[in-house]
Each structure stands twice: as C-alpha cells, then as structure tokens.
There are 2 protein chains.
Amino acid sequence: MTSPTSDRRLRPTGTLAQQVSDDVRKRIGSGEFAANERLPSETALAAEYGVSRVTVRTALRTLESQGLIDVRHGSGSFVAGFGTQIRAGIQELRSMSETIRAMGHTPGMQRHSLTHRRATPEEEELLRLASGEAVLHIERMVLADRRPVAFSYDTVPARFFPPERAEHVGEASLFDDLDAAGIHPVRASAEIHAVVDPTIGWGSNRPKQGLYILLDQLHVDRQSTPVFFSKTYFAEGRFQFVVLRTR
Amino acid sequence: MTSPTSDRRLRPTGTLAQQVSDDVRKRIGSGEFAANERLPSETALAAEYGVSRVTVRTALRTLESQGLIDVRHGSGSFVAGFGTQIRAGIQELRSMSETIRAMGHTPGMQRHSLTHRRATPEEEELLRLASGEAVLHIERMVLADRRPVAFSYDTVPARFFPPERAEHVGEASLFDDLDAAGIHPVRASAEIHAVVDPTIGWGSNRPKQGLYILLDQLHVDRQSTPVFFSKTYFAEGRFQFVVLRTR
DNA sequence: TAGTGGTCTAGACCACCGC
DNA sequence: CGGTGGTCTAGACCACTAG
C-alpha cells in the first residue's frame with residue numbers, strides 16, 4: 001500500500017513485521033481485540049498498517065507461535081482463549097528478566113559467584129578460544145516474585161570485558177553486559193533435558209525435589225560466532241515452557 | 001524463474017518450500033553438500049530448482065531450525081558441523097516412527113493397552129465432547145532399535161472410528177489411523193515438563209531412573225478443532241530434543 | 001566493491017470456510 | 001458464492017561480509 005491514508009502509527013523498532021507484531025500484541029493486551037474474537041483480516045490489517053500482506057503474515061505467525069492467536073484457514077485469525085496465564089515460548093530468546101516480566105511477575109537476579117579462570121580444552125573448542133585464554137564463569141539465581149525459578153551457569157570469554165568491568169559482569173542482565181561490550185548474541189541452539197540433581201542451585205528456597213528442565217545453550221552472534229554458553233536449570237513447576245509444533 | 005532449463009527434479013509432495021527443503025536435506029545427507037561447506041547461494045538455488053528466492057528462503061529456514069545448516073548474513077549458508085548425532089527439532093510435529101527413522105534408527109511400536117470408556121469431565125471439555133461421549137485411551141511404548149525410548153498415553157474420541165476398526169487403533173501409527181478416518185491433526189500446542197515417575201511405562205527395559213521429558217500435547221486440525229491429546233514421556237538420555245531460539 | 005543474505009512489496013492464484 | 005488464509009512469484013532495496 002503506497003497511500004498511507006490509514007496508517008496506524010508504529011514504534012519504529014526492529015523490522016516492520018516485528019513492529020506490526022508488537023502493536024497487535026498490545027491491542028490484544030489492551031482488550032481492543034478480546035479473547036475468542038476475530039482479528040481483522042490480513043488484507044485489512046495490511047491496509048491499516050500500510051504494509052504488505054506478507055509482512056502482516058510474518059507478524060501473525062510470530063503471535064501464533066507464542067500461543068496468542070489462532071489462525072484458521074478460510075475463517076480468520078482469532079485471539080486465543082485463555083487462560084490468562086502468560087506463557088513463554090521456548091523458541092524465543094530473551095533475557096530471563098524480560099521473560100519473567102512478560103509473564104507478569106517481578107524479576108530478580110542474584111549472582112552467587114564469579115570466577116575468572118583458564119578455559120578448559122572443551123570450552124576452548126566450543127567458544128573457539130585461543131589456547132590458554134581465560135573465561136568468566138558466573139553462577140546466578142533467577143527469581144520471580146522473590147522465589148527462585150531458575151539457576152544459571154554461564155561461561156563467557158574474559159576478553160570481552162575490560163578489567164574494571166569484569167567484576168560486575170552478571171550482577172544484572174548478562175545480555176545487557178554483552179551489549180554494552182559490543183557483543184550481540186542473537187541466537188542460541190539449545191538441547192532440552194530433564195535433570196534430577198539436588199546439588200543444583202543453592203540457598204534455602206531451592207526446590208527440594210531437585211527436578212529441572214535444563215536448557216543447554218550455545219549463544220552465537222549474527223555471524224554464528226560463539227559468544228557464550230550456558231546451562232540454565234528451570235525448576236519444574238515454577239516455570240512453564242510452551243511450544244507450537246506443526247506438521 | 002519461468003524457464004525450467006535447469007530445474008532439479010522434485011518429489012511433488014507438500015508445498016514447494018517443503019520439496020526444496022527435503023531435497024536439500026537429502027543432498028546434505030548424501031554428502032553432496034559436505035559438513036562446513038557452503039551451499040549454493042539462495043539465488044543459485046532458486047534458479048536450480050526453478051522457484052523464487054522467497055521459496056528457497058522458506059526451505060532454508062526450516063533446515064536452519066533443525067540445526068542442519070547455518071545461515072550467515074553476507075557470507076552464505078553452511079552445512080552445520082557435526083556432531084554426526086542426528087537431532088530432532090521440537091517444533092516439528094511428526095509421528096514418532098517418522099522421527100525415529102529420520103534419526104537413523106529402526107522404529108518400533110508396541111501397544112500395551114486399549115481402553116474404551118466414558119470421557120471424564122476434563123476430557124469432555126478439552127476435546128469438546130458431548131456429555132457422556134466415549135473415548136479410546138491407548139498406552140504405547142515407542143522403540144528405537146528395540147530399545148524403549150518413549151511411553152505415550154493418548155486419548156481420542158471413540159466416534160472417530162467405526163466399531164470394527166476401533167480395536168486396532170494405535171497398533172501402529174495413530175496418525176495413520178486418524179488419517180484413514182479422515183481426521184487430520186496438523187498442529188499441537190505442547191507444554192514441556194520434566195518428570196520423575198518410576199510408575200511411568202512398563203516392561204523390563206524400562207529406564208530405571210524414571211526420568212522423562214514430558215510433552216503434554218493437544219493436537220488440533222486445520223480449523224483448530226481439538227482432535228486428541230497425548231502425554232508422551234521421552235526417556236531422558238535416549239531421546240534428544242533441540243530447539244533454535246532466536247531473539 | 002562484488003556477492004551474499006535480510007526484508008519488503010504488489011499482485012496472483014489456490015484451498016478452505018460458511019452462508 | 002464471497003471472504004478468508006496458504007502459497008508463490010519477480011523484482012526491489014538494504015545490510016553485511018570478505019577480498
């Protein structure tokens with residue numbers, strides 16, 4: 001559509017498809033599009049936003065994969081029936097704090113330890129380090145409403161950070177620390193495992209059963225260069241992962 | 001490309017993008033495209049297959065999400081380094097047998113029990129059944145190379161099947177049974193859980209630790225009508241799930 | 001700077017749904 | 001049947017990579 005007669009204003013962040021996706025999500029959240037209601041047709045949304053239908057479809061696909069809408073061939077797209085519970089799609093890579101906030105809870109982060117040490121041979125290979133290079137190893141507890149929901153063990157090359165900053169790495173968001181250092185992880189390939197290990201974590205609030213979903217992740221930047229890896233243990237029952245599987 | 005001068009022959013199964021994706025996967029498997037090698041450019045592939053670049057991109061995105069290739073902006077697409085280990089993307093909805101075969105193993109299926117009974121109130125709501133309707137409940141063991149890798153508990157409305165067929169449901173692929181009955185599940189929304197439960201499963205080969213990844217799934221057809229639900233317990237350590245997470 | 005992938009467009013045709 | 005989503009095309013321009 002070249003005539004912007006009815007363009008809805010978009011926050012110019014990221015790709016057009018992301019902007020549309022964000023805006024529709026906002027309109028769902030605000031109640032403008034209520035549960036089980038039909039969204040405007042793809043053609044109508046394209047006209048309203050002043051973008052092509054392909055772009056609208058890309059945006060809707062994102063919302064679908066997050067379980068927010070339900071796209072039905074021949075009928076339309078519908079706001080998903082609840083229940084109200086905000087679910088985290090496992091395909092989305094976001095900082096833990098973001099994810100928890102999006103779930104409607106108050107995030108917290110507690111760094112348990114920070115170690116500066118030489119990389120092991122395995123770490124050297126995984127992160128493509130020079131021989132003898134140093135890494136920072138960080139152990140953190142992730143809280144939602146002051147309750148531990150995950151324990152994360154992260155390993156990142158020490159050279160990313162100037163010495164005066166290194167000691168503060170991981171006090172809050174590791175993603176933010178990396179961004180500030182000009183390192184931008186954008187993807188992670190993750191293995192999903194079930195783990196029982198009572199030695200995982202620390203503190204008195206730690207889940208007693210020691211049952212976790214482990215995401216064993218290697219984060220890479222846009223060039224697929226390894227940036228850091230992490231093992232994050234999500235306490236079963238305190239964190240819900242959802243995935244939309246398609247044929 | 002309208003001139004099919006160099007069309008590579010494709011198996012006319014599914015969408016064009018799927019055909020391209022399948023063919024490139026085959027060429028990777030055959031070694032024509034070796035590990036860490038660069039694939040032909042998207043433009044070149046589009047010309048070779050006689051399809052648009054958009055279609056090639058859709059196909060490559062699928063392979064990327066399965067961890068088979070590595071797409072790098074400005075450089076090209078590369079066959080992922082192995083590993084040799086064949087991995088199953090959690091976003092793909094396929095029958096267990098298909099998945100195991102694709103992993104390079106010999107699939108097997110053993111039905112442990114088949115129960116015809118009235119649906120519980122919860123099942124009625126989940127599957128949108130009429131009051132008092134009957135369901136089939138099936139318990140099966142999934143084998144790879146004769147070794148149990150998963151236990152599946154499936155519940156499906158009894159009315160899908162004529163009486164003479166009902167007793168054979170789930171002896172092999174439930175997907176096939178449903179297809180034959182004109183029911184076509186195409187998507188599943190799944191919750192992912194970690195479970196420890198020694199009462200899961202049966203038989204002498206059952207994993208002793210009783211540790212599983214549970215996929216709690218509701219399968220729906222194209223109209224998002226619930227078709228059946230299943231709880232599938234994948235033995236930790238015998239089955240590997242992978243997911244590509246993106247920002 | 002040449003070549004690659006990243007994004008977007010306008011338009012087309014098909015398959016499916018519900019009236 | 002009209003309206004919806006599903007798929008595909010040809011072309012365009014941009015951002016990134018590497019020599």
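Labels below follow one simple rule: chain letters A, B, ... track the order of the sequence lines, proteins then strands, and each chain is numbered from 1.
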Identify, with sequence neighbours excluded, every residue that meets side-chain hydrogen bond (donor to acceptor under 3.5 Å, both in side chains) alongside B:Glu42. B:Arg53, B:Arg57
Heavy-atom nearest nucleotide on DNA chain C for A:Leu16 versus A:Gly74: which residue maps closer to 5'? A:Leu16
Short side-chain donor-acceptor distance under 3.5 Å, B:His137 and B:Asp154: no
Just the rounded figure in Å: distance from [atom2] of [N] to [atom1] of [X].
X       : N      : atom1 : atom2 : result
A:Asp70 : D:dG5  : CG    : P     : 12 Å
B:Arg53 : C:dT9  : CZ    : P     : 15 Å
B:Glu42 : C:dA2  : CD    : P     : 21 Å
A:Arg57 : C:dC8  : CZ    : P     : 15 Å
A:Leu39 : D:dG3  : CG    : C1'   : 16 Å
A:Arg72 : C:dA15 : CZ    : C1'   : 17 Å
B:Arg38 : C:dG3  : CZ    : P     : 11 Å
B:Tyr49 : D:dT9  : OH    : C1'   : 18 Å

B:Thr58 vs D:dT7: side-chain N/O to OP1/OP2 distance below 4.0 Å: no
D:dC16 phosphate, OP1 or OP2, under 4.0 Å from B:Ser75 side-chain N/O: no
Need one value for B:Val54: base, sugar-phosphate or nothing, where a base atom within 4.0 Å counts as base even if backbone is also close, heavy atoms only. base
Answer with base, sugar-phosphate or nothing: what part of the nucleic acid does A:Ser77 contact at a heavy-atom distance below 4.0 Å? sugar-phosphate
When you measure from the side chain of [X], which nucleotide among [options] comes out closest?
X       : options              : value
B:Arg61 : C:dT7, D:dG5, D:dA15 : C:dT7
A:His73 : C:dT7, C:dC16, C:dT9 : C:dC16
A:Ala17 : D:dT9, D:dT7, C:dC8  : C:dC8

Could you tell me whether a side-chain N or O of B:Ser230 sits under 3.5 Å from a main-chain N or O of B:Thr232, the two making a donor and an acceptor? no
Among A:Gln19, A:Arg25, A:Arg27, the one residue meeting side-chain contact (heavy atoms from CB on, under 4.5 Å) with A:Asp23: A:Arg27
Parallel, tilted or perpendicular: which fits the ring planes of B:Phe228 and B:His219, with parallel below 30° and perpendicular above 60°? parallel
Between A:Leu178 and A:Val156, does a side-chain contact (heavy atoms from CB on, under 4.5 Å) hold up when you go through it step by step? CA-CA 10 Å; A:Leu178 288 165; A:Val156 53; 4.1 Å; yes
Can you name the closest pair of heavy atoms from A:Phe160 and A:Pro162 and give their distance? O-CD, 4.1 Å
Give the dot-bracket line for DNA chain D from 5' end to 3' end: parentheses for intra-strand Watson-Crick or G-U pairs under 3.5 Å, square brackets for crossings, | for inter-strand pairing, dots for unpaired. ||||||||||||||||||.
